[in-house]
Structures are given as C-alpha cells and as structure tokens.
Amino acid sequence: MTELAPRYNPKDTEDRIYNFWQEKNLFAAKANPKKKPFCIVIPPPNVTGILHMGHALNNTLQDILIRYKKMHGYESLWMPGVDHAGIATQNVVERELAQEGKTRQDLGREKFNERLWQWKNKYGDTIIHQLKKLGSACDWPRTRFTMDEDYSNTVKEVFIHLYEKGLIYRGKYIINWCPRCQTALSDEEAQHKDLKGKLYYIKYPFKDDPNKFVVVATTRPETMLGDTAVAVNPKDKRYKNLIGETLILPLMERPIKIIADSVVDPKFGTGAVKVTPAHDPNDFEIGKRHKLEFVNIMQPDAKLNENAGEFMGMDRFEAREAILEELEERNLLEKTTDHDHAVGHCYRCHTIVEPYLSKQWFVKMKPLAKPSIDVVKKGKIRFTPSRWTKVYLNWMENIQDWCISRQIWWGHRIPVWYCQDCKDPDNIIVSQNAPAECPKCHSRNLRQEDDVLDTWFSSWLWPFATFYWPKESEDLRYFYPTSVLITAPEIIFFWVARMIMAGMEFKKEIPFSDVYIHGTVRDSKGLKMSKSLGNAIDPLDIINEFGTDALRFSLIINSGQDLFLSKEKFEVGRNFANKIWNASRFVLMNLKEKSAESDLCQVYQKEKLDLASRWILSRLYTTIDKVNKAIETYSFNEAENLLYEFFWHEFCDWYLEIVKDRISDKNIQILIYKVLEKSIRLLHPFMPFITEEIWQKLAPESGSIMLQSIPHLQKQMIDKKAESQMQLVIDLVSAVRNIRAEWNIPPLEKINVILKTADTQSGKLLDENKGIIQNLAKIENLTIEKEIARPKDSVAGVVGRVSFFVPLAGLIDIEKEKNRISSLIAQNENILKNLNARLKNKQFLSKAPKDVVASEKQKSLELEDKINKLKKVIKELK
RNA sequence: GGGCGCUUAGCUCAGUUGGUUAGAGCGUGUGACUUACAUUCACAAGGUCAGGGGUUCAAGCCCUCUAGCGCCCACCA
C-alpha cells in the first residue's frame, strides 16, 4: 500500500501542510482552565526584517517548545508580532526617498509618516511570511504591531505613569549622537569597537610666556576647538604649581585655565588633559564641577558650527586633518603615537557616534532595577545557560539612566506638550491626548514634543502589552507571566532586562520564568553571519534546496554554543529526513494489517516478545524518557542527537533489518508500526512537516499530528536485561562482519561460524537468536558448541563469554592471524593490568563506592576470561 | 581595565552529579546496485582531551597557574 516516493521531497509537502494546519486553526490558543498554560512571546522581528539564520535558529527553538508543550497537554500559545523598529525603518524609507531626490524634511512630518505606513503595509509582512515558511506555529490572528493604536496607548500610559512617579526627566546631557541618523542613541545602541587610532600630543602655550607649553594628549584633536580648560591631577607634582595659570587655546586663541580635578590620571598621556565639556562625558562632569563654559562646536550632522572659527562647515574628520596640519605648521604638534581605543558606533548604520550635548528625555533606572535584581537573585527567573545570570546582574547593578528620546519621526511621539505662550520651558503638559489648553495660562497655542520614543521603550512592554494591558482580560490573567523567553545574548540588555523591569513595575510580576539564550550564528571562519559581511547563508535558500525540516534539524543539532555553519552542514538534516521518510515507506509498504492496532495490548505483552522486539521497545522508551528530560533542560541538541541515534542506528540499522525476513508476521507489522508512529510523534516538534506528512499516511483518521500527544513514557517497557542481551547479539554480528572485512570475504559469500561457550545462558541466548545472527552476518551455518577445538584453517574472535571460529580454508594467513590475536591480547592485558592495580589498591577498596568496586571486579573477571580464550586460540594456531 | 566563553580525531562538535577501554557527524580508506533509503549499507584507520601544578582511591570533568583564540562590558583623554 505504499504511496510514498522513494525520496522525501519537501517542496511537495511543506506549503500544503502549513495551509492544512492553518485551515484547521491548530495554532490557536486561548485561556482554558482545564489545561496548564504555556506561553512564549516572540521576540518581535523588525518590520524591515528579512529572515536570516539567527531568526531561523531563534524561531525554530520557540517552535519546538510550543509544539512539544502542546503535545504534552498544555494550552500552548505563541504570541506573534512585529516591531516598528524606529531608526531602521525610517532609514529604509529615507533611502527610498533619496532615490527620488527627496528628504523627509521635503515631505514634512505628516506626509513622511504616511509614506512610512504605506511602506509598512506593503512590505511589513515579509518577515511574517518567512516565519511561516519555517513552520512557526504562531497564533497569527493575534499578531501585534508595536505601533497599533492600543499598543501606542499602552506606551503613552507607561510614559505618563513613569513621569508622574518622577522617574522620567528631561535635561541637557552628553548622549551618544549618530550624525548620520541624526538622533540620540542610548548607551546600548552605541556599540564599541576597537579601532587603531592615534594619540596626538598638542602644545598649549602659556598666556604669559608663549614659548612655554603644557602638552595635552587627545584622540580627537578636533574637539580642542571647544576646550574651556586643561585639567591636571591635584596631586601631580609636575603641575601642582601651575594650577590656576592661564593658557591660550591654540587656533581659537582663547584663554583657558589650568584646573585641578582628581579624575585625571597622572599616568596617562602627559598627565594634563584638555577639557571639552560639550563633547566628552568625562569633561562634561568636570565642566559642571568647575562651572566651565560649554562650547558646542558641532551641528547635528557632525559638521563644525560657528563656534569652530575658520573650521566652520567642515566635517568632523575633515576638520581633524585640517587642525593637525595647522598645528604642525605652527609647531604645536609635539608628537603622534599609535593608540588603540574603543569607539562607539551606531548600531543601525555603523557610523561613529559623537558624544554630543543635547536636551533629551531620560528614565531613572536605579529604582526600576532593584526589584528586577531581586527576582533573578531569588531564582524566580532563571537564565539558561546559567552564566548569563551574572551578565544580567552585573549590568543591572551598574545601570545608567536610559535616554529614551529620538529625533526621528517614526515611532511613538512623546506625549508631552509645551505652551507656546507661557514662555516657561519647565511648563510641561503630559497627557494621553492632545490637551485643549494650557492649564496655567489657558493658551491654546500648544506644541507637542517633536521627539519620539526609543523603539525599545515600546518593546519592553511586549509580554503584557500584546495582551492589551492595561485592559484586564482572561487571556492576560491566564497566560501572564509567560513561560520562557528565547533570544540571543546581545538582546539581554536591550530587551530582556528591560522587560523584567517593566513587568515588575507595571504588572508587579515577572514577565517570564525562564530565559533561554542561544548562540550566535557564525560562518565557518567564526565571523558573525551578516548581510553586510556578505557571508550569510540565506535560510530560504536552504529551505529551497534541503527543506525546512532539514534546516531546522541541522541548526538545532549544531546549537548549544555559537554555531559555525556552512552549507554542507545542512546535509545532516536532509539525510535524516530522507531516512525517516524511507523507514516510513518501508513500514507502510509492508503493513497489511491496518486493523492490527487493536491487537496491540496482546503484542505488547513483554513475555511474548522476542529479544529484538523487547530491545527496540526498551530503546524507544529510554529515548522518549531522555528526550523529555533534554527538552525540559533546554538541551535541544541533545534531544536531537538522541532521536537521530535511536531512529537511524537502532531502529533502522538493526531492528528493521532484523525483522525484514519476518515482515509478513502480523505482530511484527504492528510493532514496527507502533515504534514508527511513536518516533514520528516524538520527532514532530523538531521536524514538523515531514512528520505531519507521514502521520497522514499512518493515521489519517486521527486528524493532525499536532493534536496527538507525545508518547507516554511506559517505564515497564524499559528492559535493561534485554538491552544487554541484545548487545551480545549485536557485538557478535559486528565481530563476524569485521572478520569478513579483515579477510576480504565478499559480503554475499556465505560463511560458517562455530560458536564455543561453556556459559549456558549465552549459549541459549544465541541459539534463540540464531536466525537473526545468520541473516545479519550472512552465515550459512551457525553451530553452537560447549567445547570444541579450533577448527582447522579458521580465524577466531571473542565476544562476551563466547569464542567463535570462522573456517576459511585457503584464505587464511597463519602469521597475520597470530599477529592479530596477539595484539588483541596485548590490548586487553593492558587494560586488565590497570584494572587489577586498582583492585589491589586498599584505598580504592575502602573509599570507592561498593557498586563501583563490584563492577570493576566483574570487569576484571570478564577480561581475564576473554584473554584466556584468546590465548587458547593462539595456542591452537599452529 | 574588568567579566565570560572556548581549546577533545584531519574538520565541526557532544561528553550530565568525577567512576569501564573518551563518543558522534563530516571527511578519509576498503568493500557493496545485498535495497525502504547510494541523501544508502558494512568495516576500518585516526585522540599523550592546549600546557604546567594541585585535590582525589579515581580527573576530559574539580582547584590553580600559563599560553592561544573569541565574545561582552567599561569615560583612561
């Protein structure tokens, strides 16, 4: 009754299967008091997102858990959504505009926003379609967007709450400024990269004696135009008596004072540091302490402004060169040395960011951090792998205030209005909706804050805002706190930590109990895979060539640490899928008794089963048990290894081969059917498409595989005795095959094998499984003797307590055989020597646990027996 | 400057709480159209577990030092 092609073809099945799931509404979940909830909120991909390997890994992991938990009886919800990704999206649309020769300013805020929405409506679903290609079992009708109306209201609500609590403030500070995106960034959004830079030593002459100097060292000479002091350490003897003296800032010819401040490190550079309060966070603090002037020399696009004198209009790096040239001309550049230092880069466009003085909005983080530190320390939220706990805590304990305002137009506009008539900059009106008038002067001339909020200021609300909080709902009560959050390491600060803080602040509860941090996807050289590096493997290409299940399986089996991927690595998954397919094909081909299922209980009576069947069932249930445990501990690669090993190397390589010649036996058919269908169910969370396709052939009447349960663990089927007995059979077959290969006996040429064992148990066991052994090792005649001399012209081996001989008239080379056996003896004697030394050691005997000692003794006896048998063989070899 | 991770077969990696003779996949070699699957099957070769020191009856695993690689954080201009 086979209907299966000889090869698995993912293209024939995947879209059809996915549609089938969707039509049957199998991804939907809702509050169900009869079941336990399991919920994952998706890390919302950017609306500009295009599926990359990181997404593929991240979402496969989530999908595995969602499907697994559903099949484990949970009400399993995967909440999907998309992030508006302020800067990234605005950049995309601005690039589009640039092609038309326009800027966003040309359009104006309103028109530009219309354009952004148009873009979103046209392209914003791309990533969702791609997630569907991956097989993601998200409850799609719930899909949320961080700029949906409800969601935006939640964001405003939260802003107002924090403002009223005194946790939001506005002020002029040094922030990270991206001159290309022309917006402020948070500390996390400025990524530090080590650059090979230079340290320039510049002479600042004394006002009173232009021939004498103080030399300062700087990496950014252009900022000297904004210097308003030179600072030295008060304890520095070299400069002590110069404190208070006046220098002339070269180029600007401005008098500046030498001041003393203890932050100056006397060991760095010359021990004298130029102070630029408007362009360096350190200097900003010094400036405040010493009431210095704050001279901003830059425009938002990093070109120098009117405060830069003759350098006005130059770009910052152009100015750097010009300034150095001029200093050199004037003989004020003492020297230049190489200097490696970390420089911040915009995480969206990779432009070097500028420390820039500007008025921004901030959230005070320390009060929010405290409860979030506690819940992790108390273990209410657990990180896996656990080492990330420390990373989280370290960041939380040193948390800085969060700059949340962005000078872009795509995002949640800050719900703040200023009265244009009050002329009081501190008169801030914070409100959900546009206020009608100024509460102080009743003027209607109000203006909303231009800035929008950091994208992460909306995504930190994700675990409850997606459920329409602050509205109460059954779903929110049922699914919150969610179960586990799965993400990449670099997202811990951006998102995970902040979600925990938001959860504790607004819901007074943790947002999730587990955080699983997966590795980074790298190429085979270890570089992070990215489009800009051109080293990315496109998951959709892999899906196209190998299939989605192959992509998923290969990714997960390589996960655990960082993943080093190359295209060839996806062959594992493809080959395994094909193996599953063909094993199923074989089973279905031979399954005549479809009704046989009803006889299952009878078949399952252990005492009625042959050894191999007891063995495969024991292996199956052991695997089920271990896979369950692996998933519960987030050891996904371990789970896949277990499944791979069991299905391929135990079920296919041994069991199916063993039963092939008895395939007409009804009970055998039932057994292979049952082992297969249980394996398919257990495999489903990992390889959803192929398992559904096969399931539809195995049990079409039952609906989708997604509605089935993970096979129930039946401990009584785990049979260690059967496993060790079967091992003897396997070892014997392998040993005979080895001899065939060793002596170049063609695979099809039948041979005779004589077993010799005084151990009646082994003898009986092997006799009972004679047929299997003969078949698998292609043996014509297998005879079992209690005592027999080595047959003439035979080679020998020892397995367990059994010797065996293979007569090979004419083929045997006595010397070769002698050497082979001798080296076997030597090998074993070596092991025995170590073992016996241990067993003679009084310390070992007294201190090691009894069972260890006992098993070592047992081993010693077995080895001795084996060596004796081998020695006997060699003796007879004459 | 702190913190973390990695170093195990030619390559990529597993290796639970310390307990046999350290495993897998790929690659390599040999053989096979034996077929549910050549995206297959059988067999094999290949490792002083980065190095030193320590704890222990027992160390790939625990402690310590060293070296190399990688990542993260940090205001040394």
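Here is how names work: the chains are called A, B, and so on, in the same order as the sequence lines, proteins then strands, and each is numbered from 1.
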Pull out every protein N or O sitting under 3.5 Å from an N or O of nucleotides 53-63 of chain B, one pair per line with the distance.
residue : atom : partner  : partner atom : Å
B:rC57  : OP1  : A:Lys847 : NZ           : 2.1
B:rC57  : O2'  : A:Asn841 : ND2          : 3.3

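- A:Phe686 pairs by the ring-ring contact (aromatic ring centres under 6.0 Å, His included) definition with nothing, not counting sequence neighbours.
- Side-chain atoms of A:Thr276 and A:Lys274 include a donor-acceptor pair closer than 3.5 Å.
- Contacts between residues 567-584 of chain A and RNA chain B, defined by a heavy-atom separation under 4.0 Å, are made by A:Lys569, A:Arg574, A:Asn575, A:Asn578, A:Lys579, A:Asn582, A:Ala583.
- Scanning for salt bridge (Lys or Arg N to Asp or Glu O under 4.0 Å) contacts around A:Glu638 gives an empty result, with sequence neighbours left out.
- Residues passing the salt bridge (Lys or Arg N to Asp or Glu O under 4.0 Å) test with A:Lys660, sequence neighbours excluded: A:Glu657.
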Where do N or O atoms of nucleotides 75-77 of chain B meet protein N or O atoms at under 3.5 Å, pair by pair?
residue : atom : partner  : partner atom : Å
B:rC75  : O2   : A:Asn282 : OD1          : 2.8
B:rC75  : O2   : A:Asn282 : ND2          : 2.2
B:rC76  : O2   : A:Asp265 : OD2          : 2.5
B:rC76  : N3   : A:Asp265 : OD2          : 3.3
B:rA77  : OP2  : A:His339 : NE2          : 3.2
B:rA77  : O2'  : A:Ala217 : O            : 3.4
B:rA77  : N6   : A:Asp265 : O            : 2.7
B:rA77  : N6   : A:Phe268 : O            : 3.1
B:rA77  : N1   : A:Asp265 : N            : 3.2

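- With 3.5 Å as the limit, one finds a donor-acceptor pair spanning the side chains of A:Tyr347 and A:Glu189.
- Residues that satisfy the side-chain contact (heavy atoms from CB on, under 4.5 Å) test with A:His290, not counting sequence neighbours, are A:Ile259, A:Asp261, A:Ile286, A:Leu292.
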Between N or O atoms, less than 3.5 Å apart, protein on one side and nucleotides 2-9 of chain B on the other: list the pairs.
residue : atom : partner  : partner atom : Å
B:rC4   : OP1  : A:Lys390 : NZ           : 2.7

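- One interatomic measurement links the two molecules: CG of A:Asn744 to P of B:rA44, which rounds to 14 Å at whole-angstrom precision.
- For the pair A:Asn834 CG and B:rG19 C1', the computed distance is 14 Å after rounding to whole Å.
- Nucleotide B:rU39 holds its C1' atom 15 Å from the CG atom of A:Asp549, rounded to whole Å.
- For A:Lys833, there are no side-chain hydrogen bond (donor to acceptor under 3.5 Å, both in side chains) partners two or more places apart in sequence or in a different chain.
- Per the geometry, CD1 belonging to A:Ile517 stands 13 Å off C1' belonging to B:rC72, to the nearest Å.
- By the 6.0 Å and 45° rule, A:Arg498 stacks over the aromatic ring of A:Trp402.
- We find that CG of A:Leu565 is positioned 14 Å from C1' of B:rG25, with the value rounded to whole Å.
- Comparing the C1' positions of B:rA77 and B:rC6 gives an interatomic distance of 34 Å, to the nearest angstrom.
- Residues passing the ring-ring contact (aromatic ring centres under 6.0 Å, His included) test with A:Phe651 are A:Phe647, sequence neighbours excluded.
- For A:Tyr644, the side-chain atoms get nearest to B:rG25 when compared with the rest of B:rA36, B:rA44, B:rG25.
- For the pair A:Lys859 and A:Glu856, the salt-bridge criterion is met [side-chain N within less than 4.0 Å of a carboxylate O].
- No hydrogens or angles were tested; on distance alone, nothing pairs the side chain of A:Glu657 with the base of B:rA42 as donor and acceptor under 3.5 Å.
- Nucleotides of RNA chain B nearest to A:Val852 and A:Trp648 differ in position, and the one nearer the 5' end is that of A:Val852.
- The A:Lys859 side chain lies nearest to B:rU20 when the options are B:rG25, B:rU20, B:rA36.
- Stem regions annotated for RNA chain B: B:1-7 with B:67-73, B:10-13 with B:23-26, B:28-32 with B:40-44, B:50-54 with B:62-66, counting only runs of 3 or more consecutive pairs of Watson-Crick or G-U type with both contacts under 3.5 Å.
- The pair A:Arg619-A:Glu723 counts as a salt bridge, with a side-chain nitrogen and a carboxylate oxygen less than 4.0 angstrom apart.
- With sequence neighbours excluded, no residue forms a side-chain hydrogen bond (donor to acceptor under 3.5 Å, both in side chains) with A:Asp194.
- To the nearest angstrom, C1' of B:rC37 lies 12 Å from CD1 of A:Ile694.
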